[in-house]
Trainee: 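Questions regarding the structure given below will be posed in turn.
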Amino acid sequence: MKSFSGGATWLLWSGLLGFVGVGAGAFGAHALRGVLNERLMDVYQTAVHYQMLHALALGLVAVLVFVGIGGAWPRRAGFCFVAGTVVFSGSLYLLSLTATGWFGAITPVGGVLFLGGWVALLIAGLHARREGHTSKAG
């Protein structure tokens, strides 16, 4: 029987980042509106948006790991998505809350991590296709 601990880990990360993302979005909408200028509010909302997208992507990673599709590539995607969220969204949160511009210089590193995660999912799909994991329709 396969161990589901890997999938459970990614599901936990998905839930944690989603929970924090919803909380951050609510905090921004209620506590920061009118406190941050429009540009910094846009930066903050971008951080929330990308965090939520990648929290959902981690849910997909969890499913792929649970069912054993894609070899090690879904896990690699998960690492990239978690690290990308910390670096990308984290730097944007810090930039918007402190108005310290150099945090913006860190943000592209997170973007590259996000891209790496999506490439890892692409490779997982190619790996799964090569292994014969296809639907009856395709």
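Note that the structure is a prediction, hence the values are computed from the model and not measured.
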Trainee: Starting from Val82, can I reach Val20 by hopping between I/L/V/M/F/W/Y residues whose side chains sit under 4.5 Å apart?
Mentor: yes
Trainee: Looking only at non-hydrogen atoms, find the nearest pair between Thr107 and Ser91 and report the distance.
Mentor: OG1-OG, 2.7 Å
Trainee: So do Leu92 and Tyr44 actually touch side chain to side chain, heavy atoms under 4.5 Å?
Mentor: no
Trainee: Please give me the minimum heavy-atom distance between Met52 and Leu17, naming the atom from each residue.
Mentor: SD-O, 4.4 Å
Trainee: Apply the test side chain to side chain contact (heavy atoms under 4.5 Å, CB included) to residues Leu97 and Leu32: give CA-CA distance (whole Å), side-chain angles for both, the deciding distance (0.1 Å), then the verdict.
Mentor: CA-CA 9 Å; Leu97 295 173; Leu32 298 178; 3.7 Å; yes
Trainee: In Å, rounded to the nearest 0.5 Å, how long is the span from CZ of Arg130 to CD1 of Ile123?
Mentor: 10.5 Å
Trainee: If you round to the nearest 0.5 Å, how far is CH2 of Trp102 from CG of Leu94?
Mentor: 8.0 Å
Trainee: In terms of hydrophobic clusters joined by side-chain contacts under 4.5 Å, are Ile69 and Leu126 together?
Mentor: no
Trainee: What distance separates Thr9 OG1 from Arg75 CZ, expressed to the nearest 0.5 Å?
Mentor: 9.0 Å
Trainee: So, do Thr100 and Leu95 sit near enough that their side-chain heavy atoms are less than 4.5 Å apart?
Mentor: no
Trainee: Within this structure, what is the CG-CG distance for the pair Leu60 and Leu11, rounded to the nearest 0.5 Å?
Mentor: 11.5 Å
Trainee: Considering only heavy atoms from C-beta outward, does the side chain of Tyr50 approach that of Thr85 to under 4.5 Å?
Mentor: no
Trainee: Tell me the closest heavy-atom pair linking Pro74 and Gly70, and the distance in Å.
Mentor: CD-O, 3.3 Å
Trainee: So, do Trp10 and Phe79 have ring centers that fall under 6.0 Å from each other?
Mentor: yes
Trainee: Would you say the rings of Phe81 and Trp13 are close, in the sense that their centroids are separated by under 6.0 Å?
Mentor: no
Trainee: How long is the span from the CH2 atom in Trp118 to the SG atom in Cys80, to the nearest 0.5 Å?
Mentor: 11.5 Å
Trainee: What is the minimum heavy-atom distance between Gly18 and Ala55, and which atoms define it?
Mentor: N-CB, 3.5 Å
Trainee: State plainly whether one hydrophobic cluster holds both Tyr93 and Ile106, where clusters connect Ile, Leu, Val, Met, Phe, Trp and Tyr through side-chain heavy atoms under 4.5 angstrom apart.
Mentor: no
Trainee: Would you call Gln45 and Asp42 a side-chain contact if the rule is heavy atoms closer than 4.5 Å?
Mentor: yes
Trainee: At their closest point, which heavy atom of Ser89 faces which heavy atom of Gln51, and how far apart are they?
Mentor: OG-N, 3.5 Å
Trainee: How about Trp73 and Leu121: do any of their side-chain heavy atoms sit closer than 4.5 Å?
Mentor: no
Trainee: Is Val43 reachable from Leu53 through a run of hydrophobic residues whose side-chain heavy atoms are each under 4.5 Å from the next?
Mentor: no
Trainee: Restricting to ring-ring contact (aromatic ring centres under 6.0 Å, His included), what partner residues turn up for Phe114, sequence neighbours left out?
Mentor: His54, Phe88
Trainee: Report yes if some heavy atom in the side chain of Val65 is under 4.5 Å from a heavy atom in the side chain of Val61; otherwise report no.
Mentor: yes
Trainee: Which atom pair, heavy atoms only, marks the closest approach of Leu40 to Ala99?
Mentor: CD1-CB, 4.0 Å
